[in-house]
Amino acid sequence: MSSLTVVFDLDGTLVDTAPDLVATLNVVLAGEGLPPVAYEAARTMVGGGARVMVERGLKANGRVLPAAEVDRMVRDFIAHYADHIAVGSQPFHGVEAALDRLAESGCRLAVCTNKLEWLSLRLLDALKLTNRFCAICGADTFGVSKPNPTILHGTIDRAGGDPARSIMIGDSMTDIATARAAGIPVIAVDFGYTEVPVTELDPDRVVSAFADLPGAIFQMLSTG
């Protein structure tokens, strides 16, 4: 039997990236003469990629700009964020111990995110987490973003895994919808960036701490 592949979302699941993403958003908005978005409101804007975050930040200010201007703001966002990617970002509590336990149990570990691949690598390099994963795939890796299931299937394939022996870990409706579309079970963490509580989004399981994640995965595996 092939080993289990555990595929993680990045922002709001593995790493608390909101401090640097929100700071970047507000720098970009300030460049347009717009006021900042409050941290708690901006936190729930994370997860769809840079363009989605910029568009949500504009919407919060009651602004809709032409696509070319949004494109420019997205370029500014990515440039600033790349230079400030791990100022305040940290793995969520218990991440490394949970990854250790999964790896020791023979699991393949991978990342599937709507963050650009090179930014994901830069972040995980800064946090010394890159080498824990067999594959790290972003919105530009396969030319599609979550919830398109192609990105999840592509990540599993790149990790050398089997979709029939895989599971997704995420924090939002996007992750749950991706897993459902891919025909893969999904566990949600309840401390991420979703506006709607994950308990209302019908994942297969919900965990509130990384310490509980390996047990939940192995229990699902044994009863699945």
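It should be emphasised that the depicted structure is a prediction, and the values quoted were computed from it without experimental measurement.
Hydrophobic clustering places Leu58 together with Val74 (ILVMFWY residues linked when any side-chain heavy atoms are closer than 4.5 Å, directly or through intermediates). Cluster annotation: Val27 and Val54 are assigned to distinct hydrophobic clusters (Ile/Leu/Val/Met/Phe/Trp/Tyr, side-chain heavy-atom contacts under 4.5 Å, transitive). Hydrophobic clustering of Ile, Leu, Val, Met, Phe, Trp and Tyr side chains at less than 4.5 Å, counting indirect connections, unites Leu127 with Val22. Residues Val144 and Met173 are members of separate hydrophobic clusters, defined by side-chain heavy-atom contacts under 4.5 angstrom among Ile, Leu, Val, Met, Phe, Trp and Tyr. Cluster membership check: Tyr39 shares its hydrophobic cluster with Leu34, using side-chain heavy-atom separations under 4.5 Å among Ile, Leu, Val, Met, Phe, Trp and Tyr.
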Met45/Val37 under side chain to side chain contact (heavy atoms under 4.5 Å, CB included): CA gap, chis, key distance, verdict: CA-CA 10 Å; Met45 298 177 184; Val37 180; 3.7 Å; yes
Audit row: Thr194, Thr44, side chain to side chain contact (heavy atoms under 4.5 Å, CB included) steps and yes/no: CA-CA 6 Å; Thr194 178; Thr44 63; over 6 Å; no
Working for side chain to side chain contact (heavy atoms under 4.5 Å, CB included), residues Phe142 and Leu152: CA-CA 10 Å; Phe142 307 108; Leu152 179 51; over 6 Å; no
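Atom CG of residue Leu10 and atom CZ of residue Phe133 lie 8.0 Å apart, to the nearest 0.5 angstrom. A distance of 9.5 Å separates CG of Leu21 from CG of Asp16, quoted to the nearest 0.5 Å. Rounded to the nearest 0.5 Å, atoms CE (Met73) and CE (Met53) are 11.5 Å apart. For the atom pair CZ of Phe191 and OG of Ser208, the computed distance is 8.0 Å after rounding to the nearest 0.5 Å. To the nearest 0.5 Å, the span separating CG on Asp212 from CD1 on Ile187 amounts to 10.5 Å. Leu201 CG to Asp190 CG: the interatomic distance, rounded to the nearest 0.5 Å, is 11.5 Å.
With a 4.5 Å cut-off on side-chain heavy atoms, Met168 and Lys146 count as touching. Taking 4.5 Å as the limit, every side-chain heavy atom of Val64 sits out of range of all side-chain heavy atoms of Lys59. A 4.5 Å side-chain heavy-atom check between Val7 and Ile169 finds every atom pair outside the cut-off. In this structure the side chain of Arg158 reaches within 4.5 angstrom of the side chain of Cys137, judged on heavy atoms. Between Trp118 and Thr141 there is no side-chain heavy-atom pair separated by less than 4.5 Å. In this structure, the side chains of Arg205 and Ile167 stay at 4.5 Å or more apart for every pair of heavy atoms. Using a 4.5 Å cut-off on side-chain heavy atoms (C-beta onward), Leu99 and Val6 make no contact. Between Leu121 and Thr130 the shortest side-chain heavy-atom distance falls below 4.5 Å.
The closest donor-acceptor contact from the side chain of Asp140 to the backbone of Glu117 lies under 3.5 Å. The main-chain N or O of Thr17 is found under 3.5 Å from a side-chain atom of Tyr193 such that the two form a donor-acceptor pair. Looking only at distances, no side-chain donor or acceptor of Ser105 sits under 3.5 Å from a matching main-chain atom of Cys107. In this structure, Asp204 contributes its side chain and Val186 its backbone to a donor-acceptor pair below 3.5 Å. A donor-acceptor contact shorter than 3.5 Å links the side chain of His84 to the backbone of His80. In this structure a side-chain-to-backbone donor-acceptor pair under 3.5 Å is missing from Arg108 to Leu4. Distance alone, capped at 3.5 Å, places no donor-acceptor pair between the Arg43 side chain and the Pro19 backbone. The closest donor-acceptor contact from the side chain of Asn61 to the backbone of Gly57 lies under 3.5 Å.
Contacts of Ser89 classified as side chain to side chain donor-acceptor pair (under 3.5 Å), with partners at least two apart in sequence or in another chain: Asp20. For Arg101, the side chain to side chain contact (heavy atoms under 4.5 Å, CB included) partners are Pro214, Phe218, not counting sequence neighbours. Thr13 is linked by a side chain to side chain donor-acceptor pair (under 3.5 Å) to Asp9, Asp171, counting only residues two or more places apart in sequence or in another chain.
Checking Ser172 against Asp175 by side-chain atom types alone, a donor-acceptor pair falls below 3.5 Å.
In terms of heavy atoms, Ile176 sits closest to Ala188 at CD1-CB, 4.4 Å. Looking at every heavy atom in both residues, Ala159 comes nearest to Ala135 through N-CB, 3.8 Å. Heavy atoms only, all atoms of each residue included: Ala42 and Leu25 are closest at CB-CD2, 4.5 Å. In terms of heavy-atom proximity, Val111 sits nearest to Leu124 at CG2-CD1, 4.3 Å. Residue Pro203 comes nearest to Val206 through the heavy atom pair CG-CG2, 3.6 Å, listed as atom of the first residue, atom of the second, then distance. Here the closest non-hydrogen pair linking Ile151 and Asn114 is CD1-OD1, 4.5 Å.
Ion pairing between a basic and an acidic side chain is recognised when a charged N comes within 4.0 Å of a carboxylate O; Glu96 and Arg132 show such pairing.
Residue Asn131 qualifies as open at atom CG: its count of foreign heavy atoms under 6.0 Å is 12 or below.
Outside the 6.0 Å centre-distance limit, the rings of Phe92 and Phe210 are not counted as a close aromatic pair.
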